[in-house]
Undergrad: 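Structure below; questions to follow.
Count residues from 1 along the sequence. Here the structure is a predicted model, which means the values were calculated and not measured. We use all heavy atoms of the structure for the numbers below, so side chains are in, but hydrogens, waters and symmetry mates are not.
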Amino acid sequence: MIGVVIPTLNEEGTLPGLLRDIDELAASVALDVVVADGGSADQTIARAAAAGARVLFAERGRARQLNAGASAVRGEWLLFLHADCRLDAAARHALLQAVAPASAVQAAVFRFAIDLPGPWKRIIELGQRAREVGCGLPYGDQGRMVRRVLFEAAGRYPEIPLMEDVALIRRLHRLAPITRLPAPLLTSGRRYLRCGVIRTWLKHTALIALYLAGVSPSRLARWRHAQPTAAC
């Protein structure tokens with residue numbers, strides 16, 4: 001069984017599409033789907049329940065929501081997905097291959113793909129590919145699929161205000177190889193479009209560089225929230 005964990009906060013517009021994709025996946029493998037909500041004020045909870053997902057009310061904060069979902073969900077595999085991604089047929093097939101009984105996969109991410117107009121799409125995807133190859137740091141937007149025992153051995157998501165996905169992947173790297181699945185997980189480009197592609201990319205790059213240089217996540221969070229583009 002695969003336990004699917006989706007952290008949400010006001011995702012009524014994006015969550016239904018992902019849950020439809022997950023429903024397609026359920027035709028081929030046993031799933032337990034938990035939406036860990038951090039206090040949505042829109043119709044996120046109603047739409048999750050209508051799609052058959054279990055809704056968990058968690059303390060706001062992505063790491064806390066992810067860990068709460070992992071505790072509640074059933075399955076020897078854990079699949080962590082952002083609410084604004086899409087799990088298309090190719091991604092579903094790659095996932096099924098990875099969790100097959102004969103597979104040696106311990107942890108995996110999908111290829112990064114973003115829903116942006118042509119030139120910007122290629123630039124952002126190429127930049128992320130270079131980061132992943134050079135630093136071994138996939139985005140949280142690429143999903144996280146990990147055996148539960150390995151997730152627990154890694155100490156779960158560190159409950160920090162930013163960079164919880166980077167911190168977890170670095171812990172996992174020390175315990176097992178991270179497989180890059182051959183199919184992309186398409187993520188929304190809404191933040192880039194709302195705040196400007198170059199500005200948003202530079203901001204994300206600066207945050208990651210500062211974190212790797214040793215700046216604390218709390219300090220980074222204060223800096224991020226002080227910026228005019230805090231929501232990006």
Side-chain angles (χ1 to χ4, degrees), residues 1-7 14-15 17-33 66 70 73 75-151 154 157 164-190 192 201 204-205 208:
M1 176 179 282
I2 301 173
V4 184
V5 179
I6 309 167
T14 60
L15 183 62
L18 173 59
L19 292 178
R20 287 194 296 271
D21 295 341
I22 290 171
D23 190 54
E24 293 287 337
L25 180 64
S28 302
V29 66
L31 300 177
D32 184 26
V33 183
L66 289 164
V73 81
E76 60 272 27
W77 282 97
L78 297 173
L79 175 61
F80 300 100
L81 296 172
H82 290 180
D84 63 350
C85 73
R86 297 301 303 268
L87 195 69
D88 68 9
R92 296 194 296 269
H93 177 73
L95 187 154
L96 291 172
Q97 293 294 108
V99 302
S103 171
V105 173
Q106 297 295 311
V109 298
F110 293 91
R111 284 199 297 111
F112 177 72
I114 191 163
D115 186 13
L116 285 173
W120 292 124
K121 175 180 173 67
R122 289 190 292 273
I123 290 169
I124 298 300
E125 290 178 356
L126 181 61
Q128 169 50 18
R129 179 62 180 144
R131 187 186 90 155
E132 190 177 348
V133 170
C135 303
L137 294 177
Y139 276 142
D141 293 314
Q142 292 171 246
R144 294 284 183 275
M145 190 174 73
V146 58
R147 292 183 187 270
R148 183 184 291 274
V149 292
L150 182 60
F151 178 70
Y157 278 96
E164 74 289 333
D165 55 338
V166 175
L168 177 64
I169 208 73
R170 296 174 84 186
R171 292 180 179 184
L172 291 173
H173 268 304
R174 292 194 287 267
L175 299 174
I178 309 298
T179 301
R180 186 173 182 264
L181 300 180
L185 187 69
L186 183 67
T187 190
S188 170
R190 56 184 173 164
Y192 288 87
W201 182 82
H204 290 175
T205 301
I208 292 166

Undergrad: Considering residues at least two apart in sequence or located in another chain, which fulfil the ring-ring contact (aromatic ring centres under 6.0 Å, His included) criterion with F110?
TA: none
Undergrad: Might you point out which heavy atoms bring L150 and A176 nearest each other, and give the distance in Å?
TA: CD2-CB, 3.9 Å
Undergrad: Can you give me the closest heavy-atom contact between V105 and A98, atom names plus distance?
TA: CB-O, 3.7 Å
Undergrad: In sequence, state the C-alpha distance, the side-chain angles, and the governing distance for L137 and R170, and then conclude on side-chain contact (heavy atoms from CB on, under 4.5 Å).
TA: CA-CA 8 Å; L137 294 177; R170 296 174 84 186; 3.9 Å; yes
Undergrad: Any heavy-atom pair between the side chains of H82 and L18 that's under 4.5 Å?
TA: no
Undergrad: Taking distance alone, no hydrogens or angles, what donor-acceptor pairs closer than 3.5 Å link side-chain atoms of residues 86-93 to residues at least two apart or in another chain?
TA:
| from | atom 1 | to | atom 2 | distance (Å) |
| --- | --- | --- | --- | --- |
| R86 | NE | G17 | O | 3.3 |
| R86 | NE | D21 | OD2 | 2.7 |
| R86 | NH2 | G17 | O | 3.4 |
| R86 | NH2 | D21 | OD1 | 3.0 |
| R86 | NH2 | D21 | OD2 | 3.4 |
| D88 | OD1 | A90 | N | 3.2 |
| D88 | OD1 | A91 | N | 2.9 |
| R92 | NH1 | L87 | O | 2.8 |

Undergrad: Tell me, do D23 and L31 make a side-chain contact under 4.5 Å, heavy atoms counted?
TA: no
Undergrad: Check whether any side-chain N or O of K121 sits under 3.5 Å from a backbone N or O of I114 as a donor-acceptor pair, and report yes or no.
TA: yes
Undergrad: Please report the interatomic distance CG(L126) to CZ(R131), rounded to the nearest 0.5 Å.
TA: 13.5 Å
Undergrad: Take E76 and M1 through the side-chain contact (heavy atoms from CB on, under 4.5 Å) test and state the conclusion after the steps.
TA: CA-CA 6 Å; E76 60 272 27; M1 176 179 282; 3.9 Å; yes
Undergrad: Work out which heavy atom in A70 is nearest to a heavy atom in L78; give both atom names and the distance.
TA: CB-CD1, 4.2 Å
Undergrad: Which ring pair (Phe, Tyr, Trp, His ring centres under 6.0 Å) pairs, counting each pair once, include a residue from residues 124-150, with sequence neighbours left out?
TA: F112-Y139
Undergrad: At their closest point, which heavy atom of Y192 faces which heavy atom of L116, and how far apart are they?
TA: CB-CD2, 4.1 Å
Undergrad: For R148 and V73, work out which heavy atoms get closest and say how close.
TA: NH2-O, 2.7 Å
Undergrad: So, taking the atom named SG in C135 and the one named NE2 in H173, what distance separates them when rounded to the nearest 0.5 Å?
TA: 10.0 Å
Undergrad: Give, for atom CG of D115 and atom CD1 of I124, the distance between the pair rounded to the nearest 0.5 Å.
TA: 13.0 Å
Undergrad: R129 vs R180, test: side-chain contact (heavy atoms from CB on, under 4.5 Å). Steps then yes/no.
TA: CA-CA 11 Å; R129 179 62 180 144; R180 186 173 182 264; 3.1 Å; yes
Undergrad: Do V109 and R144 make a side-chain contact, defined as non-hydrogen atoms from C-beta onward lying under 4.5 Å apart?
TA: yes
Undergrad: Kindly compute the distance separating CG (D84) from CG (L15), expressed to the nearest 0.5 Å.
TA: 10.0 Å
Undergrad: Any chance you could measure W77, atom CH2, to L95, atom CG, to the nearest 0.5 Å?
TA: 8.5 Å
Undergrad: Out of curiosity, L66 CG to E164 CD, how far, rounded to the nearest 0.5 Å?
TA: 6.5 Å
Undergrad: Do V99 and L79 have side chains that get closer than 4.5 Å, going by heavy atoms?
TA: no
Undergrad: Assess whether side-chain contact (heavy atoms from CB on, under 4.5 Å) is satisfied between I6 and L19, documenting all intermediate values.
TA: CA-CA 10 Å; I6 309 167; L19 292 178; 3.9 Å; yes
Undergrad: Locate the shortest heavy-atom distance separating L181 from R111; write the atom from each residue and the value.
TA: O-CG, 3.4 Å
Undergrad: Are I22 and L81 close enough that some pair of their side-chain heavy atoms sits under 4.5 Å apart?
TA: yes
